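Structure first, then comments.
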Amino acid sequence: MNGSEKLLELAKAQIGYQEKTGAVGLDDPDANAGQNNYTKYSRDVDSWGLMGCQGQPWCCTYQFWLEAKTFGIEKALEHFCMTRQTYKGYHCFSTYQAFERKGRTSSRPQVGALIVFTYEHIGRVTAVRNGRVYTNEGNTSALYGDRNGGTVKEKSYALNDPNIKGYCLIDYDGETEVPGAETGISLGQIRVFQNWLNTWYGNLLKQKCGAVLEADGRFGPRTRQAALVVWKDILNRLYGKKIPLSGERFDEKCKEAAGTALVRYGSKGTLVVLAEGFLAERGIYLGNIDGIFGTGMEEAVRRFQTDHLLETDGVIGRNTWTGLFAI
């Protein structure tokens, strides 16, 4: 079991823990339950010489506690893009800003990432499937949007939930795969995708994107831009289109051209790889990044189409390409 798996196992073991009325019975999940925001999580963070903020909302402190208990305090600080001097792992938006300054926020979830909400609440992504993101959260309840519910709970949200501010991505030191291989997003798949783009289109990426991709397993803006450049290049060379390779958006020229780039069961090649990468990033496609459109890909495409209210035909055409490239 790797580090991120251990963290999610620890998070699972906390489910049902209730905050206390005071500093009594902190280690018992049920004893002295109350509404005064006293927890073992804040106590422990305080004992580490950091601000645990006992008696205050604790959803963010809980997430840092998980990180520190799994990886140690100093590594947890590194994961949270902080130092002892700059520590603000008790505050949701300050934590998000720390990740943002390091370029580690995203609009797309990854298993193990932090999920931050607009109503100043934070959780941990445990799985992504069927158009929903599943979480482990502290100081909440079964109610939607509850940021001071006093309990550790598992919850889920639609991927397009307007109250999701974004995700804080954590680099787990080169782990080849994050937990939940059958239901979550595989960092290993994205690394294969990035390496594939570098191997076959390295010169193009250097010319149009400035450099090849860092194979870090994160499907960020640079990976998306590289995929778009390669997609445009294929449409121009194989389908006779004249789409400018510059630009970061899947614009009207791309949408118009996409109707001719149909990819379906039995298709092979670069366009299939691009589709595999995007669907793997969303946690829908769990197979190999190999450029072969088999039954697993067809099922993933149909699931994506269903989730996005598209015609569910298993064929990637104009509307599905547009959905895949949507920011």
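These values consider heavy atoms only, across backbone and side chains, with no hydrogens, waters or symmetry-generated copies. Along the sequence shown, residues are numbered consecutively beginning with 1. The structure displayed is predicted, hence computed values, not measured ones.
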Applying ring-ring contact (aromatic ring centres under 6.0 Å, His included) to Phe278 and Phe219, what does each step give before you reach the verdict?
CA-CA 9 Å; Phe278 276 104; Phe219 203 112; 5.1 Å; yes
Is the Phe80 to Tyr87 ring centre distance short of 6.0 Å?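 That pair fails the under 6.0 Å test.
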Is there a chain of hydrophobic side chains (I, L, V, M, F, W, Y, each step under 4.5 Å between heavy atoms) that links [X] to [Y]?
X      : Y      : result
Val315 : Leu324 : no
Ile292 : Met297 : no
Leu279 : Leu262 : no

Classify the side-chain pair [X]/[Y] by whether it contains a donor and acceptor separated by less than 3.5 Å.
X      : Y      : result
Gln194 : Thr223 : yes
Lys40  : Gln14  : yes
Thr21  : Asn32  : yes
Ser156 : Arg132 : yes
Asn319 : Glu311 : no

Test item: [X] side-chain N/O and [Y] main-chain N/O as donor-acceptor pair under 3.5 Å:
X      : Y      : value
Lys20  : Ala31  : yes
Lys155 : Ser141 : yes
Gln54  : Thr39  : yes
Gln189 : Gly287 : yes

Would you call Glu299 and Arg302 a salt bridge, using N to O less than 4.0 angstrom?
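Between Arg302 and Glu299 there is no salt bridge, as every charged N stays at least 4.0 Å from the carboxylate O atoms.
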I need the minimum non-hydrogen distance between Ala33 and Gln18, along with the two atoms involved.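 Distance-wise, the nearest heavy atoms are CB-OE1, 3.9 Å.
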Gln35 atom CD, neighbour heavy-atom count above 12 within 6.0 Å: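 No, not enclosed.
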Taking side chain to side chain donor-acceptor pair (under 3.5 Å) as the cut-off, I'd like each qualifying pair that reaches into residues 157-166, sequence neighbours left out, listed once.
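Listed by first then second residue: Thr118-Asn163, Glu137-Tyr157, Tyr144-Asp161, Tyr144-Asn163.
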Do [X] and [Y] have side chains that approach each other closer than 4.5 Å (heavy atoms only, starting at C-beta)?
X      : Y      : answer
Arg222 : Leu213 : yes
Glu19  : Thr151 : no
Val128 : Tyr134 : no
Asp216 : Asp171 : no
Arg147 : Thr140 : no
Leu7   : Arg124 : yes
Cys60  : His91  : no
Asp30  : Tyr17  : no

Residues forming a side chain to side chain donor-acceptor pair (under 3.5 Å) with Gln225, sequence neighbours excluded |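 Side chain to side chain donor-acceptor pair (under 3.5 Å) list for Gln225, sorted by chain: empty.
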List in chain and number order the residues that pass salt bridge (charged side-chain N to carboxylate O under 4.0 Å, His left out) with Arg318, two or more places apart in sequence or in another chain; answer none if no residue qualifies.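 Partners of Arg318 under the salt bridge (charged side-chain N to carboxylate O under 4.0 Å, His left out) test: none.
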Is the cationic atom of Arg224 (NZ for Lys, CZ for Arg) positioned less than 6.0 Å from the six-membered ring centroid of Phe325 and within 45 degrees of its normal?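 Judged by the rule (NZ or CZ under 6.0 Å from the ring centre, within 45° of its axis), Arg224 is not positioned above Phe325.
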Review point. In a check of ring-ring contact (aromatic ring centres under 6.0 Å, His included) between Trp58 and each of Tyr38, Tyr41, Tyr90, which one passes?
Key: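 That would be Tyr41; it is the only one of Tyr38, Tyr41, Tyr90 passing the ring-ring contact (aromatic ring centres under 6.0 Å, His included) with Trp58.
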